[in-house]
Amino acid sequence: MELVEATAEDLDALVERWYSLAKAMEAHDELNELVYADVDEVPHDGFRTHFDDEAVTDYLVVHEEETIGFVTLREGNHTSRKYSQYLRIVNLAVDEGYRSQGHGEEIIERVKDIARDQGCDHLKVSCEWRNEDARRFYRETGFRPKQVDFAQPLE
């Protein structure tokens with residue numbers, strides 16, 4: 001399994017996988033409801049901006065020459081903290097037919113290598129509070145709870 005940096009030629013693969021991930025997140029909170037009824041309505045602009053942003057990188061997850069997922073990483077820093085340089089996992093998705101086979105753990109290991117190579121001293125990730133599978137996965141791969149985000153819709 002390897003992480004291959006995505007290019008503009010990979011926009012369709014990124015958008016399709018992002019849409020699948022985003023649709024799955026709708027079940028965890030009403031604030032996740034998408035405005036797109038179908039993947040064909042999703043503009044590619046969001047991922048295009050990643051190519052111009054030095055802090056963001058999208059990778060395709062490739063297993064045996066087949067793309068089976070994607071991960072989006074964003075560099076950041078907290079200059080006032082001892083642990084100041086971080087790499088945030090913004091999106092991580094493995095296609096349904098490839099889940100529970102160890103690919104997620106391999107992705108985390110590759111992301112750790114990328115973070116070290118970039119001089120980062122820690123990783124960050126967040127997930128939906130009601131997504132027990134994601135919370136369990138991140139705990140099992142060495143992450144620990146640090147902060148809780150709160151949200152409130154304005155009506």
Side-chain angles (χ1 to χ4, degrees), residues 1-77 86-115 118 120 123-141 143 145-155:
M1 198 271 321
E2 62 182 321
L3 300 184
V4 177
E5 189 169 340
T7 67
E9 294 174 4
D10 301 312
L11 282 171
D12 288 338
L14 290 168
V15 169
E16 286 174 19
R17 284 176 171 83
W18 172 85
Y19 185 78
S20 178
L21 176 64
K23 285 301 284 181
M25 293 306 103
E26 285 183 320
H28 298 291
D29 193 285
E30 68 182 31
L31 290 173
N32 294 335
E33 185 177 352
L34 293 174
V35 297
Y36 312 113
D38 186 79
V39 67
D40 295 328
E41 296 177 14
V42 179
H44 292 163
D45 295 349
F47 282 104
R48 274 197 190 97
T49 63
H50 292 181
F51 300 134
D52 296 328
D53 187 338
E54 291 183 16
V56 178
T57 308
D58 294 296
Y59 294 91
L60 298 176
V61 178
V62 179
H63 174 68
E64 297 178 356
E65 299 184 27
E66 183 177 350
T67 299
I68 64 165
F70 84 106
V71 61
T72 303
L73 305 175
R74 177 184 297 275
E75 293 179 64
N77 63 64
Y86 64 87
L87 192 61
R88 174 178 290 283
I89 299 169
V90 178
N91 296 306
L92 190 160
V94 174
D95 295 351
E96 194 168 339
Y98 292 91
R99 294 179 189 159
S100 300
Q101 298 176 26
H103 298 298
E105 291 89 349
E106 283 188 69
I107 293 167
I108 296 298
E109 290 305 314
R110 299 293 190 292
V111 168
K112 287 180 184 179
D113 292 340
I114 291 168
Q118 293 177 352
C120 295
L123 295 177
K124 288 185 170 192
V125 67
S126 58
C127 63
E128 292 296 323
W129 184 255
R130 294 180 186 154
N131 188 341
E132 290 292 332
D133 291 337
R135 290 171 52 201
R136 181 177 40 258
F137 169 76
Y138 289 120
R139 280 192 308 271
E140 289 175 356
T141 55
F143 288 86
K146 180 189 170 290
Q147 184 175 344
V148 176
D149 287 338
F150 288 88
Q152 180 183 74
L154 300 175
E155 298 178 36

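Basis for what follows: all heavy atoms, side chains included, without hydrogens, waters or symmetry-related copies.
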Asks: Who are the ring-ring contact (aromatic ring centres under 6.0 Å, His included) partners of Tyr138, not counting sequence neighbours?
Replies: Phe143

Asks: Considering all heavy atoms of both residues, which atom of Pro153 and which atom of Glu30 are nearest to each other, and what is their separation?
Replies: CG-OE2, 3.6 Å

Asks: If you count the non-hydrogen atoms of other residues, nucleotides and ligands that lie under 6.0 Å from CZ in Arg48, is the total more than 12?
Replies: yes

Asks: In the structure I gave you, are the side-chain heavy atoms of Trp129 and His28 within less than 4.5 Å of one another anywhere?
Replies: no

Asks: Okay, side chain of Asp29, backbone of Leu31: is any donor-acceptor separation there less than 3.5 Å?
Replies: yes

Asks: With a 4.5 Å limit on heavy-atom distance, are the side chains of Tyr98 and Val61 in contact?
Replies: no

Asks: For a 4.5 angstrom cut-off between non-hydrogen side-chain atoms, does Tyr59 reach Val111?
Replies: no

Asks: Does Glu132 have more than 12 heavy atoms from other residues, nucleotides or ligands lying within 6.0 Å of its CD?
Replies: yes

Asks: Which pair of heavy atoms, one from Phe51 and one from Leu11, lies closest together, and at what distance?
Replies: CE1-CD2, 3.7 Å

Asks: Got a second to check how far Ile108's CD1 is from Asp113's CG, nearest 0.5 Å?
Replies: 11.5 Å

Asks: Testing Thr72, Val125, Val71 for side-chain contact (heavy atoms from CB on, under 4.5 Å) with Asn91, which one passes?
Replies: Thr72

Asks: Applying side-chain contact (heavy atoms from CB on, under 4.5 Å), name anything that partners Glu2, two or more places apart in sequence or on another chain.
Replies: Val4, Val62

Asks: Are side-chain heavy atoms of Leu21 and Phe70 found at a separation under 4.5 Å?
Replies: yes

Asks: Indicate yes or no for a side-chain donor-acceptor contact from Asp58 to the backbone of Ala6 under 3.5 Å, with no hydrogens or angles considered.
Replies: no

Asks: Considering only heavy atoms from C-beta outward, does the side chain of Arg74 approach that of Tyr86 to under 4.5 Å?
Replies: no

Asks: With rounding to the nearest 0.5 angstrom, report the CZ to OG distance, Arg135 to Ser126.
Replies: 12.5 Å

Asks: Do His44 and Asp12 make a side-chain contact, defined as non-hydrogen atoms from C-beta onward lying under 4.5 Å apart?
Replies: yes

Asks: So, using salt bridge (Lys or Arg N to Asp or Glu O under 4.0 Å) as the criterion, who are the partners of Lys124 when residues are at least two apart?
Replies: none

Asks: To the nearest 0.5 Å, what is the distance between CZ (Arg17) and CG (Leu92)?
Replies: 12.5 Å

Asks: Supply the atom-to-atom distance Thr67 OG1 to Glu16 CD, rounded to the nearest 0.5 angstrom.
Replies: 10.5 Å

Asks: Which distance, rounded to the nearest 0.5 Å, do you find between the CE of Met25 and the SG of Cys127?
Replies: 8.5 Å

Asks: Quick one: list whatever passes salt bridge (Lys or Arg N to Asp or Glu O under 4.0 Å) with Glu5, sequence neighbours left out.
Replies: none

Asks: Report yes if the side chains of Leu73 and Ile89 come closer than 4.5 Å at any heavy-atom pair, otherwise no.
Replies: yes

Asks: List in chain and number order the residues that pass ring-ring contact (aromatic ring centres under 6.0 Å, His included) with His63, two or more places apart in sequence or in another chain; answer none if no residue qualifies.
Replies: His103

Asks: Give a yes or no on whether Glu33 atom CD has more than 12 heavy-atom contacts from other residues, nucleotides or ligands under 6.0 Å away.
Replies: no

Asks: Are Leu34 and Tyr19 packed together at the side-chain level, in the sense that at least one heavy-atom pair is separated by less than 4.5 angstrom?
Replies: yes

Asks: Under 3.5 Å, is there a donor-acceptor pair between the side chain of Asp52 and the main chain of Thr49?
Replies: no

Asks: Test of understanding: with salt bridge (Lys or Arg N to Asp or Glu O under 4.0 Å), list the residues that count as partners of Glu106, not counting sequence neighbours.
Replies: Arg110

Asks: Drop me the distance from Gln118's CD to Leu87's CG, to the nearest 0.5 angstrom.
Replies: 5.5 Å

